[in-house]
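Accompanying notes for the structure given below.
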Protein chains: 4
Amino acid sequence: MIKIGIVGGTGYTGVELLRLLSVHPDVEVKCITSRSEAGMPVADMYPNLRGHFDLAFSEPDTAVLSQCDLVFFATPHGVAMRMVPELMKAGVRVVDLSADFRLKDLDVWSHWYGMPHETPKWAEKAVYGLPEVVRDEIREAQLVANPGCYPTAVQLGFLPLLEHGLVDPARLIADAKSGASGAGRQGSIGMLHGEVGESFKAYGASGHRHLPEIRQGLSQAAGKAVGVTFVPHLVPMIRGIEATLYAELSDPADFERLQTLYEDRYRNEPFVDVMPFGSHPETRSVRGANQCRMALHRQEQSNIVIVSSVIDNLVKGAAGQAIQNMNIMFGLDETLGLKAPALLP
Amino acid sequence: MIKIGIVGGTGYTGVELLRLLSVHPDVEVKCITSRSEAGMPVADMYPNLRGHFDLAFSEPDTAVLSQCDLVFFATPHGVAMRMVPELMKAGVRVVDLSADFRLKDLDVWSHWYGMPHETPKWAEKAVYGLPEVVRDEIREAQLVANPGCYPTAVQLGFLPLLEHGLVDPARLIADAKSGASGAGRQGSIGMLHGEVGESFKAYGASGHRHLPEIRQGLSQAAGKAVGVTFVPHLVPMIRGIEATLYAELSDPADFERLQTLYEDRYRNEPFVDVMPFGSHPETRSVRGANQCRMALHRQEQSNIVIVSSVIDNLVKGAAGQAIQNMNIMFGLDETLGLKAPALLP
Amino acid sequence: MIKIGIVGGTGYTGVELLRLLSVHPDVEVKCITSRSEAGMPVADMYPNLRGHFDLAFSEPDTAVLSQCDLVFFATPHGVAMRMVPELMKAGVRVVDLSADFRLKDLDVWSHWYGMPHETPKWAEKAVYGLPEVVRDEIREAQLVANPGCYPTAVQLGFLPLLEHGLVDPARLIADAKSGASGAGRQGSIGMLHGEVGESFKAYGASGHRHLPEIRQGLSQAAGKAVGVTFVPHLVPMIRGIEATLYAELSDPADFERLQTLYEDRYRNEPFVDVMPFGSHPETRSVRGANQCRMALHRQEQSNIVIVSSVIDNLVKGAAGQAIQNMNIMFGLDETLGLKAPALLP
Amino acid sequence: MIKIGIVGGTGYTGVELLRLLSVHPDVEVKCITSRSEAGMPVADMYPNLRGHFDLAFSEPDTAVLSQCDLVFFATPHGVAMRMVPELMKAGVRVVDLSADFRLKDLDVWSHWYGMPHETPKWAEKAVYGLPEVVRDEIREAQLVANPGCYPTAVQLGFLPLLEHGLVDPARLIADAKSGASGAGRQGSIGMLHGEVGESFKAYGASGHRHLPEIRQGLSQAAGKAVGVTFVPHLVPMIRGIEATLYAELSDPADFERLQTLYEDRYRNEPFVDVMPFGSHPETRSVRGANQCRMALHRQEQSNIVIVSSVIDNLVKGAAGQAIQNMNIMFGLDETLGLKAPALLP
C-alpha cells in the first residue's frame, strides 16, 4: 500500500482526491491537512465521504508527511513551494496540484503569481506532469507539477497539430469554458449561485494565469515560441471544461489526414478519446472521469482546423491526473482507480 | 460471471445500469435491447460509455434473453408483464425496474396504470425488492419488483416510526422533490430545459402513481392501513430526491429515543445512513451512489417528527437498488460494484 | 414625484427595488446608501442598471434621508430599528424590508434575532404590511414592516381556510422551497454555485426565523393560536418560492366550496391569482412579477386540503410588495410600476 | 393603437412578443395564431400571461390578419414565405422573425434551409432589420426580416472594426454560446433538462444556418467578402447569448483608438452599450432586456482584438428587436415598450 498524505484538503480538489482514492486498491491515506479545519472529520465537511473515510483534518506537520510515500498538494499557490524542499530531502515523492512548479521561467511565474519563487532549484527539477507528453520522465520524477485544468484541455487538443508542424504557430486561439468548481471553494460573492446561475460571461480575457502555462507547453510541442490567444469563460454548471481551438492549417490538403493523425497520436493513451470527425464532445461525457474527449471540425472550404476538447476540470484537470501521475511514478497500471465511467446524465 | 440481459436500455435507467455494471467484477452484460435503436452502439447514444462497452442495442429476443442468468427490465410499464412468464419458465431470474409487479392489489394497479394486468400469477409471486425490509425473500426470489424512486425514499424514512407504532398512521405526510431525470428520457415539452430550468412546482398533487405503492409499503410496516398524503415536486436539477416526512408522535416523550431507534434500525444496512439529529441531508451527498441518507428534526415543543430523506433517484431509487437486489439474489457481497462514494461537488 | 431613499442598497433586495422603481412613473430615487460601497456607481455593481440610474452609493446620512418622502430599508436586521426613530420624527414614511418590525412579541423577536429590540414603541406602532389583510391600516401608516418572503407565500395560501375556521388550526404544515437569492448577496461558502447547484436540501428544519412570523399572522387570521410546522428548503435556482401547505378539513364536505371561497377571497386582489382547482403553479410564472399564484388540491377521499402557493421571493416576497405598500401609503393606483408580466421562459 | 397580429404564437418567441407588447402603450394584439393549439387561451399555455391577455390562439386566417397594421411571424422557416405575398397585397406591414427573408442569395438560402424559396421577389425587397445599420430603410419598409440571434450579437460586435477596415477580413472568428431557449419549444430529446443541464458542448461546429447570415452582414460592412469561422455552443441556461470575437488588427497601433471608435459608433444607439475597456459583459445583465452590451480586450502585446458581446437571444435577438423595428416602422419612439432594465439576479 502506498502511504498518501494530502496537504490542503478542504477544497474541491481535496475532496475529489479522496473520492477517487477511496476506490483505488493500492493506497492508504494517512493524513489530510487543513490549518483552518484541523480536528474536523472530513466526512463532516463532505457528507459524500460518510462511511468511506474516518480521517479528520490535521495540522500540516512535515514530520508526519515525511513518513508518507507520496504527498499531494491541493493548496493555493505559494504553499507547496515552501514545504517541498523538506519533503524532497526526506525522500518523499510529491505531486503538486497547485501552480508552484508548472512554469520554468520564474520571472514569468513571479509576474503572474505576484511573489518571488522561493525554491528555484526544485522548479527546475520538477517534471510538468502531462503523461501524454512526458510519461517516462514522470516515472522517475520525485516532484511532479500537475498541469492546470485549462492547460490540460488546450494542450491535448493542439498537440498533434504542433508536433507535426501543420499549422501557423503564431495564430492559435483557445476559447475555453469552465464550470464554477474551477474557482475553488471560497466564499467570494462573484461565485455565489445567485451570481453564477443562469448567466454566462468571459473572464480574464485580458490575461489569465493559465496563459503562460499553455504557451510554455505549446511552444515545447512546436519547437518554437507560439502565439496563442486564450479566453476563459464561466459556465453556470459545476464541473467541466470545454475548449474550442482554432488553428490555421498551412496546407489545407492536410485536412484529409488530420483525423488519422489524431487517432494515431492518442491510440495508446488510456485517457484520451478521439471521437469521429464532426462529433461534439459534451462535458457530461467526462463528468467524474479521468478522460479527455476531443473531435475535429472543418467549415466548408475553410483552412481553419477546429478542435473541441472536453475534460472534467476536477479529474483529468486536477485530482484524476494527479492519481494518474502517481500510478506512473509507482509503476502501477496507469488506469488503477480511474476506470469508472463518467456520470451521465 | 453472471450473464446479464437488459431490456429497454435507452432510458436513463438503462445507461445507469451499464455505468454501474461496468465496475462490477462478477457480471457480464450479454445483451441490451431496444426496439427503436437496434443496431446502434450504446456508446453512440451514451458517450460516457465510450471505451467501456462495445455492445450495440439489439431487438428484444426472448431466446437470447433466456440464456442470461438475470434480466433487468428498464422498460415502460406493461412490457415486463408480458415477457416475464417466458423468462420465468426458462429459469431466468428477473429484476423489473418498471412498475408492473410492485402492487399486490391488481385493481389498484389497473386503475393507476390504465390497463388490465396480464400476469396476475407473477404479480402475486413477485417480491417487492426493498432489501431493508425483505432481504431474505429477495435471496430466494425468481422475480423481484424493484421499488419506485419516491417510494424508496419515503418508505425508508417512515419505516422505524411505523414498525414501532409510534405515530398516528392516519396522518402521514410526504412532501417529496425530484430532479428531472425521474421523468425519463422522452421528448416531452414539459421536460425541456427551457421549461424545467430555473423553476419549481408541485405536480401530481391530486394523485400520483407512487401513492398506492407508498401506501402499500407503509401499511405493511404499520400492520394496518395508513393514511398518507404524498405530493411530488419537480426540482431544476438532474438527479436526486429529497422527501420531507411529517408524522404525529402519539407520545411526545418518544422524541428522546427516536435517534437511537433509527440508528439501531439501520445499523447493519450498508446503504442507509442515519445522520446526526438535526442534520440536513443534501441530494448531492448521494449523487451517483447507492445510498439513502436521512436525519430527524423537531421544532420547539411540537409533537411532529420531521424526517428528511435523500437518495439518487437513478441509483438507490432504480439501477443501484436493482444491482443490490441482484447481489442478494446471487449470494454476492451486497455492496459489490456499489462502493464508490457520491460525486460531490 | 415621491422622493425615495434606499438604505442598504447593495443586496439583491436593493437592486430589485431599483429595477422596479426605474419603471415607476411617480417616484424619484434621491439616494441609495451603502457603508461599504460608498462612491461606487450602482450601475458598476449591477450592470443591468447601466443607462437606467446615474446614482452612486452614498454613506447613510439621516439628514439626507430626512428629506425623502419615503425611505426603504433593505438592510440586515438591527439597522432599521436604530435609524427609524429619527426618520419618524422628521415625518418621513418608512417601509422596512428587514425583520425589525415584523413581530409584535419582542421577546420572541429577541430570541430569534439574538439582540434586544431597541425601539419597542415603533415595533408596536408598525403596521405589518400584508396588503391583502390590512390595506386600510397601511394607507395611514408611517412605518410599515414589509413581510418576509416565506411568510407571504404561506399566509396568503392559508388565510381563507383560517379566516373561515374550516381546518384544524393545530395541525398546519408548510413545506416551503426557495431559490438561492433568498439568502442574500453575501460571500458564504454554503451559497456558492458549487454548493447549491444540482442539489436540494431542507435547512432550518428544527426552527427558522420565519416560523414565528408565520405563526403570528396565521394566529391572527384564525383568531386563536395556531400550531404550524414550517420547513424551508433550498432549490438550485435563483428566484422563486413555492409553499405546499397541508391542513385538515374539519368537515370534508367543505371541499365542495373551497375553490369558490378562495376565488371570492382574492377576487379584488390585483396580485393574488387563484388558479383552477388541481393546477400546479410554477415559480417561473411569477418570476420578476409582484404576483402570488395558488391552487388547491385534494387526494382521493382524503380530508387534507393541499394548497400550492408561489411567489418571486424578491418581488411579492420583498421589493415588489414594498412598492405595493408605498403605492397604498401614497394613495396611488396600487399596481403602479408593478404591471409587467413575469419573465417566462 | 397599432393593430397587431402574431402568426405562430406558441413558441418562446411568441410568448416573448406578448410579454413585451403587454407593456407597450401603443399597440393592441388582435390575434395570435396556432394551428395546433387553436382555441386554447394563451394564458393556459403561458401562465405568466394570466391576467394580462384574454386572447386565445386562433387558426391562421389571412382575412383576419389582413386587418392588422402589422403582423409578426414567429414561425418555423417556410411559413412566412408563403403567407407574406397576400399580406403585402393587403398593405399590411410584416416583421418576420423567421429566417425566410434574411438572405439575399437564395441559392445559399435553399442550401441551408433545404427547400426552394417561393417568393424571391419579396426576398429581394425585404429589409434586413438590424436598426444599427439600416434604420432609415426600416422606417420605409413594408417587409422586415428580423435578424437571427447569433447574427445580431456577432455583427454588432464586429461592425466598427470592419466598417473602418482595421482588421484582416479573412480571419474572423466568432465563438458563440447560447442558452437553451434558442432551440425553441419543441419536444426534442436533445433539449431535455436531463440532457442540457450541467453540461456544455459545441454544436453545428462544421456549419450552422447562421453562418451565411453572419457572413452576408459582415461582408456588407467590410465592403468585400469576409472569411468568418463561427462555432455555436449550448450553455446550460435558458436565455442569453455571449459571442467572443477574434480579429487580427492590421496595425497594432490602432488599439489606442478602438475604445473611442466603438463608443462613437454606438453613442446614439439606445440599445447598444459599449462597456469600459477590459470589462466582461454578463448575459444576465441583458436578461429580458432589448440590449446588447459589449467590451474590448487585448492580451499583452498581441495584435488580436477580442470583443465580448452579449444579448438576450429572445429579446435583442428576436422579439425585442422585432418591436424595435415596429417602433421605427411606425414612427414611434424607438424605445417604446422596451425600457425595462434586465432581470438581475
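Sequence lines set the chain letters: A, B, ... in the order given, protein chains first and strands last, and positions in each chain run from 1. From a predicted model like this one, the values you see are computed outputs, not experimental measurements.
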Please state whether the side chain, the backbone, both or neither of [X] comes within less than 4.5 Å of a heavy atom of chain D.
{"X": "C:Ala340", "answer": "both"}
{"X": "C:Ile238", "answer": "side chain"}
{"X": "C:Val286", "answer": "neither"}
{"X": "C:Arg19", "answer": "both"}
{"X": "C:Gln291", "answer": "neither"}

*Look only at the side chain of C:Asp44 and the backbone of C:Met40, and say whether a donor-acceptor pair between them is shorter than 3.5 Å.*
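Answer holds: no.
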*Is there a donor-acceptor contact under 3.5 Å from the side chain of D:Arg293 to the main chain of D:Ser285?*
yes
*Got C:Leu343 and D:Asn48 here, is their nearest side-chain heavy-atom distance under 4.5 Å?*
no
*Considering only heavy atoms from C-beta outward, does the side chain of C:Thr33 approach that of C:Phe57 to under 4.5 Å?*
no
*For C:Ala74 and C:Leu17, work out which heavy atoms get closest and say how close.*
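Minimum heavy-atom contact is CB-CD1, 4.4 Å.
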*Grab the two heavy atoms, one from D:Ile311 and one from D:Cys149, that are nearest each other, plus how far apart they are.*
CD1-O, 3.3 Å
*Close aromatic pair by centroid cut-off 6.0 Å: C:His233 and C:Phe200*: yes
*Report the option among C:Arg185, C:Met275, C:Arg287 that has the most heavy-atom pairs separated by less than 4.5 Å from atoms of chain D.*
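Highest number of pairs under 4.5 Å: C:Met275.
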*Against chain D, work out which of C:Gly288, C:Pro345, C:Pro47 has the most heavy-atom pairs shorter than 4.5 Å and name it.*
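The option with the most such pairs is C:Pro345.
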*Using a cut-off of under 4.5 Å on heavy-atom pairs, state which of D:Leu49, D:Asp273, D:Leu20 scores highest against chain C.*
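Greatest number of close heavy-atom pairs with chain C: D:Asp273.
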*Look at D:Arg239, D:Glu198, D:Lys339, D:Glu16 and state which one has the largest set of heavy-atom pairs under 4.5 Å with chain C.*
D:Arg239
_Region of D:Leu18 in contact with chain C, defined by heavy-atom distances below 4.5 Å_ = neither
